[in-house]
Amino acid sequence: MARAVSTRRKAGYTIAAWIIGLAIFFPILWTIVTSFKTEAEAISSPPSFMFFQWTTENYSTVMERSNYFRHFWNSVVISLGSTVLGLIIAIPAAWSMAFVPAKHTKNVLMWMLSTKMLPPVGVLIPIYLIFRDVGLLDTKTGLVIVLTLINLPIIVWMLYTYFKEIPGEILEASRMDGASLRDEIIYVLTPMAVPGIASTLLLNVILAWNEAFWTLNLTAAKAAPLTAFIASYSSPEGLFYAKLSAASTMAIAPILILGWFSQKQLVRGLTFGAVK
Amino acid sequence: MATQHSRSAARIMISPAVLLLLAWMIVPLALTIYFSLLRYNLLMPGTERFVGFLNYRLFYENPAFWTAMLNTLLLVGGVLIVTVVGGILLAILLDQPIWGQGIVRILVIAPFFVMPTVSALVWKNMFMNPVSGLFAEFSKAVGLQPFDFLTHAPLASIIGIVSWQWLPFATLILLTAIQSLDSEQMEAAEMDGASPLSRFWYITLPHLSRAITVVILIQTIFLLSVFAEILVTTNGGPGVASTNLTYLVYARSLLNFDVGGGSAGGVVAIILANIVAIFLMRMIGKNLDA
């Protein structure tokens, strides 16, 4: 008897959860579906959800017409470039804070985080003017520099929490066995740290890919990543729903897939360890 | 035991990150404060001069500034209410036994990974458009007049779009927190005859209080800087009806070329963010000790 009630209850929860889940996901699903319609079909009234002539012509049109791949490539270079550069700067810093903590380590960490709290608009004007004067406006290099700096605190912090979990005794043991600092890092620490570094990389690529303040303000045509490319689709092109949908689907698909793998790291990375 | 050697090595390894962040923080910040005390217009190069707090006074006397301040608070507050309340309810639901829980979780989290410009454009054109958007279709189907969301309720519409983007974040963090709740305590309360509502009120909610605070503080930091959603949907309009502080500074400095006035707005934004940041840092700092 108790079993039957709990099954019925489970069914109730299941139905409620699926309805809400699908409702939240619906705008994305609708965008994907619309991207396979013809323009006429996309604005037909009443709209059709499934039973229309599926076509991929929008994808080829978007790619032909708008240099889609250049913007895609810009996004790849900017998000990967800023993340890798950030990791190169952050790994030594996080390593030393985790394994050779000094009196001020905690303060340094907190101070690094506090730089993340600076609202971008508070420093937009000087950065814009400096970039204009040194010719970094609308360049990939400029954006890589800015995104590296704004994500550096998160990268250091995430790596620190991962490195903290590596037992220090192992390092001591290897030191006793005569390993040099270099050997210690290459042969002992790196293999144990790779999972943490990978998660940090993943989360930061996602954050950099979707960053839409600096990418919109510091680029024009040349270095514009997908965020800025899509913004240029606001009216009148935005009213071509099918093409807008195809461009949007291509812009979000890679990150949607990466994101689903990074759910756990998301909590850790974005709450700075305050929620476990 | 850290040796003298490893300690100095550590200092060398940490310095690039520290120096870069120090430069990133101090140089633009000092320049913003400096610019905010100048009359500085990009269209009139060479006429810069020191004007003291004039920019702040002009900002203060400009009704658009107060509208932008109010809009900023409404935007942050509105999104926080929707995402925290919605996030708690959703987290509790997702914590129940459900068939296909992993898939539902993925569906719920998805909006967080959509870039802001895409979600703004999709909502604006395919849902809120008064002629051919889905909401208009729905209104027509049930015999109502289609509503022009972005013209007649621009700020509320933007709150809706931004809430959709941030609900997954709140849900995910609150779900993580709920799952660390001791189930024995729940069962004991249930055996003692506590109703579901009182169990929620006296056990779940206090357990979540810390996570809720973290969600509120972190979201506030990001929500104070909402920009792309406004740029793409309304350009801050009609008039300044959906202009927040971030957008106002952008419009002032990069559209009207008034660097001095824009910088004054930037300084106000920094002060506003710092008030929140102080509380957030204190919470994170406490956790670091534990």
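In what follows, every chain begins at residue 1, and chains take the letters A, B, ... in the order their sequences are listed.
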Working note: B/Thr117 + A/Leu226, criterion side chain to side chain contact (heavy atoms under 4.5 Å, CB included); need CA distance, chi angles, decisive distance, verdict.
CA-CA 9 Å; B/Thr117 46; A/Leu226 288 169; over 6 Å; no
How would you list all residue pairs meeting side-chain hydrogen bond (donor to acceptor under 3.5 Å, both in side chains) that involve residues 102-111 of chain B, not counting sequence neighbours?
A/Gln263-B/Arg105
B/Leu272, part contacting chain A, at a heavy-atom distance under 4.5 Å
neither
Which atoms of B/Tyr34 come close to chain A, meaning under 4.5 Å heavy atom to heavy atom: side chain ones, backbone ones, both, or neither?
neither
Does the A/Trp18 side chain pair with the main chain of B/Trp99, one donor and one acceptor, at a distance under 3.5 Å?
yes
Could you pull out the closest heavy-atom pair between A/Pro27 and B/Phe127, with the gap in Å?
CA-CZ, 3.7 Å
Is the side chain of A/Tyr241 donor-acceptor paired with the backbone N or O of B/Asn125 at a distance under 3.5 Å, no angle test?
yes
Need one label for B/Val232: side chain, backbone, both or neither, based on atoms under 4.5 Å from any heavy atom in chain A.
both
Who in residues 17-25 of chain B is close to chain A, using a strict under-4.5 Å heavy-atom cut-off?
B/Ala17, B/Val18, B/Leu20, B/Leu21, B/Leu22, B/Trp24, B/Met25
Please answer whether the main-chain N or O of B/Phe113 pairs with a side-chain N or O of A/Asn210 as donor and acceptor at a distance below 3.5 Å.
yes
Closest heavy-atom pair, B/Pro116 versus A/Ala212, reported as atoms and distance to 0.1 Å, is CG-CB, 3.9 Å
Grab the two heavy atoms, one from A/Ala251 and one from B/Met115, that are nearest each other, plus how far apart they are.
O-CE, 3.8 Å
Let me check something: any side-chain donor-acceptor pairs from residues 211-224 of chain B under 3.5 Å, sequence neighbours excluded? List them with distances.
from: B/Thr213; atom 1: OG1; to: B/Ser209; atom 2: O; distance (Å): 2.6
from: B/Gln219; atom 1: OE1; to: B/Thr83; atom 2: OG1; distance (Å): 3.1
from: B/Thr220; atom 1: OG1; to: B/Ile216; atom 2: O; distance (Å): 2.5

Select one option (side chain, backbone, both, neither) describing which atoms of B/Leu42 are under 4.5 Å from chain A's heavy atoms.
side chain
Please collect all side-chain hydrogen bond (donor to acceptor under 3.5 Å, both in side chains) contacts where either partner lies in residues 221-235 of chain B, sequence neighbours excluded, each pair once.
B/Gln165-B/Glu229, B/Thr234-B/Ser242, B/Asn235-B/Tyr247
Ignoring hydrogens and angles, tell me if any N or O in the side chain of B/Thr32 forms a donor-acceptor pair with the backbone of A/Gly122 under 3.5 Å.
yes
